[in-house]
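When reading the values below, keep in mind they use all heavy atoms of this one structure, side chains included, and skip hydrogens, waters and symmetry mates. This structure is a prediction, so every number in the text was calculated from the model and none was measured.
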Amino acid sequence: MVDKSIFHAVFADMERKAKEIEPKDGDYIKDGVMYCGICNEPRQEWKHLSMGDILVKRSCECERTKARAEREAEEKRLRENHIYELRSKAFADKSMQYWSFDTDDRANPKLSEVAHRYVDNFTSMNGKGLLLYGGVGTGKTYMTACIANALIDKEISCYVTSFARIVNTVSGLYEGKQEYIDGLNRFKLLVIDDLASERDTEYMGEIVQNVIDTRYSARLPLIVTTNLTGDELKYPSDIRRQRIYSRLFDMCIPFEVKGKDRRKEHLKDNVDYYKDLLGI
């Protein structure tokens, strides 16, 4: 048998909350119901229950608007905190946190376009990444950081590092080497800079192969940059490199990045600036 005392208690609590509404300036009573003096919507309403009619609390348009604004502000705060956390974990080189499309000088407009389109179509790429190859100082590394930062703004986790860093980290682990490599798959996009700059040993090659294969098995995208030429990638000198590069071509869309060595140009500008200061 249902204990009616429970219903009486609930009934009494609803009635108490309705009576405890704090009147705002301009509120008024009409037919025994409190109305908002701003939006003129009722802040109370009658409910017809089996135990009798009861006056209950109701949100007017002003209160709903305020609640909605507070909810949106909280959602924005949580989103910004999440993005901050993602960005703080994303870069082995912390200066890359500030490399973005907003500061891109578009000296290589085709590369900029490809990067923008990759971000815009990330979810439609079906796990495909990019293989950016070409000469030193052509903006490959900078653009990968721009891609990562743009995706992080969409709350997509990324990690930007290099094979040399990965190899050094794995080499320093007494145990848990595979766990570390597997852990890279927690990022939806992995960016690895400067392929072929690591020491060319069989052990190093095994780690590079392991990282790529682990990512491939998980069907997760990978962006790789390298200073190798197209011929060096297509016709490697040994079977180990052949396996690595073949897998990368399977995982990534290759794009040759052409242009002047901007590092040299920047260095020349700096030297000329200081020469002018010194009157040389």
Side-chain angles (χ1 to χ4, degrees), residues 81-99 118-119 122-123 125-133 140-228 233 236 238-254:
N81 286 346
H82 185 219
I83 290 173
Y84 175 83
E85 184 179 353
L86 290 176
R87 206 180 308 280
S88 66
K89 295 178 180 178
F91 300 96
D93 180 350
K94 298 303 180 184
S95 66
M96 291 184 176
Q97 294 183 25
Y98 308 101
W99 298 2
Y118 185 80
V119 170
F122 182 75
T123 56
M125 291 297 296
N126 298 319
K128 286 287 187 182
L130 294 172
L131 174 58
L132 304 180
Y133 66 95
K140 300 182 299 295
T141 300
Y142 181 87
M143 199 53 63
T144 59
C146 291
I147 290 172
N149 275 307
L151 289 174
I152 288 169
D153 286 338
K154 296 184 176 186
E155 297 186 82
I156 296 172
S157 60
C158 304
Y159 186 57
V160 181
T161 185
S162 66
F163 279 116
R165 285 181 183 271
I166 291 175
V167 169
N168 287 339
T169 300
V170 171
S171 299
L173 295 174
Y174 179 72
E175 57 184 18
K177 297 178 188 291
Q178 189 59 48
E179 286 79 359
Y180 171 79
I181 292 174
D182 291 342
L184 295 174
N185 281 350
R186 70 183 183 274
F187 300 101
K188 293 183 179 179
L189 174 67
L190 178 62
V191 178
I192 303 185
D193 191 38
D194 229 5
L195 170 67
S197 67
E198 66 280 352
R199 284 177 292 165
D200 186 17
T201 66
E202 185 174 350
Y203 174 70
M204 299 300 177
E206 288 176 357
I207 295 176
V208 171
Q209 180 86 53
N210 192 349
V211 171
I212 294 172
D213 286 348
T214 300
R215 197 78 184 169
Y216 178 82
S217 298
R219 297 184 178 181
L220 291 169
L222 175 68
I223 293 180
V224 173
T225 73
T226 181
N227 296 329
L228 296 173
L233 287 166
D238 59 61
I239 190 65
R240 174 168 49 82
R241 289 192 184 91
Q242 183 179 339
R243 287 197 298 266
I244 292 173
Y245 302 164
S246 175
R247 179 54 55 84
L248 283 177
F249 277 116
D250 194 18
M251 297 175 65
C252 304
I253 307 301

(message) Go through it in stages, so that I can follow the logic: the residues are Leu184 and Ile166, the test is side chain to side chain contact (heavy atoms under 4.5 Å, CB included), and I'd like the CA-CA distance, side-chain angles, deciding distance and then a yes or no.
(response) CA-CA 10 Å; Leu184 295 174; Ile166 291 175; 4.0 Å; yes
What's the spacing between [X] [atom1] and [Y] [atom2] if we round to 0.5 Å?
X: Leu228; Y: Asp194; atom1: CG; atom2: CG; result: 9.0 Å
X: Met251; Y: Leu220; atom1: CE; atom2: CG; result: 8.0 Å
X: Asn185; Y: Leu222; atom1: CG; atom2: CG; result: 10.0 Å
X: Ile147; Y: Leu130; atom1: CD1; atom2: CG; result: 5.5 Å
X: Tyr180; Y: Leu173; atom1: OH; atom2: CG; result: 8.0 Å
X: Asp250; Y: Tyr216; atom1: CG; atom2: OH; result: 4.0 Å

(request) I would like to know whether Val224 and Ile212 meet side chain to side chain contact (heavy atoms under 4.5 Å, CB included); could you show each step before the answer? (result) CA-CA 10 Å; Val224 173; Ile212 294 172; 5.9 Å; no
Shortest non-hydrogen separation from [X] to [Y] and the atoms involved:
X: Thr226; Y: Leu195; result: OG1-O, 2.9 Å
X: Met96; Y: Val160; result: SD-CG1, 3.8 Å
X: Arg241; Y: Pro236; result: CB-CB, 3.6 Å
X: Val119; Y: Lys154; result: O-NZ, 3.5 Å
X: Tyr118; Y: Lys128; result: OH-O, 2.9 Å
X: Cys158; Y: Phe187; result: O-CD2, 3.5 Å

(message) Please evaluate residues Asn227 and Lys140 with respect to the criterion side chain to side chain contact (heavy atoms under 4.5 Å, CB included), reporting the C-alpha separation (whole Å), side-chain torsions for both, the decisive distance (0.1 Å), and the verdict.
(response) CA-CA 9 Å; Asn227 296 329; Lys140 300 182 299 295; 3.1 Å; yes
(message) Once side-chain contact (heavy atoms from CB on, under 4.5 Å) is applied, do any residues pair with Asn126, and if so which ones, sequence neighbours excluded?
(response) none
(message) Applying side-chain contact (heavy atoms from CB on, under 4.5 Å), can you list everything that pairs with Asn210, at least two apart in sequence or on another chain?
(response)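 Counting only residues at least two positions away or on another chain, Asn210 forms a side-chain contact (heavy atoms from CB on, under 4.5 Å) with Gln178, Ile181, Thr214.
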(message) Just so I know, are the side chains of Val170 and Val211 near enough to count as touching, which here means a heavy-atom distance under 4.5 Å?
(response) no
Which residue pairs pass the salt bridge (charged side-chain N to carboxylate O under 4.0 Å, His left out) test when at least one of the two sits in [range], sequence neighbours left out?
range: residues 204-213; result: Asp213-Arg247
range: residues 156-181; result: none
range: residues 83-98; result: Glu85-Lys89, Arg87-Asp153

(request) Please indicate whether Tyr98 has more than 12 foreign heavy atoms, meaning atoms of other residues, nucleotides or ligands, lying under 6.0 Å from its OH. (result)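 No.
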(message) I'd like to know whether OH of Tyr84 has more than 12 heavy-atom contacts from other residues, nucleotides or ligands below 6.0 angstrom.
(response)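 No - once you tally the heavy atoms of other residues, nucleotides and ligands closer than 6.0 Å, there are 12 at most.
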(request) Walk me through it: do Phe91 and Ile152 pass the test side chain to side chain contact (heavy atoms under 4.5 Å, CB included)? (result) CA-CA 11 Å; Phe91 300 96; Ile152 288 169; 4.2 Å; yes
(request) Compute whether any side-chain donor of one residue and acceptor of the other, for Asp193 and Thr141, lie under 3.5 angstrom apart. (result)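 Indeed, the side chains of Asp193 and Thr141 share at least one donor-acceptor pair under 3.5 Å.
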(request) Taking salt bridge (Lys or Arg N to Asp or Glu O under 4.0 Å) as the test, write out the residues that go with Arg243, two or more places apart. (result) none
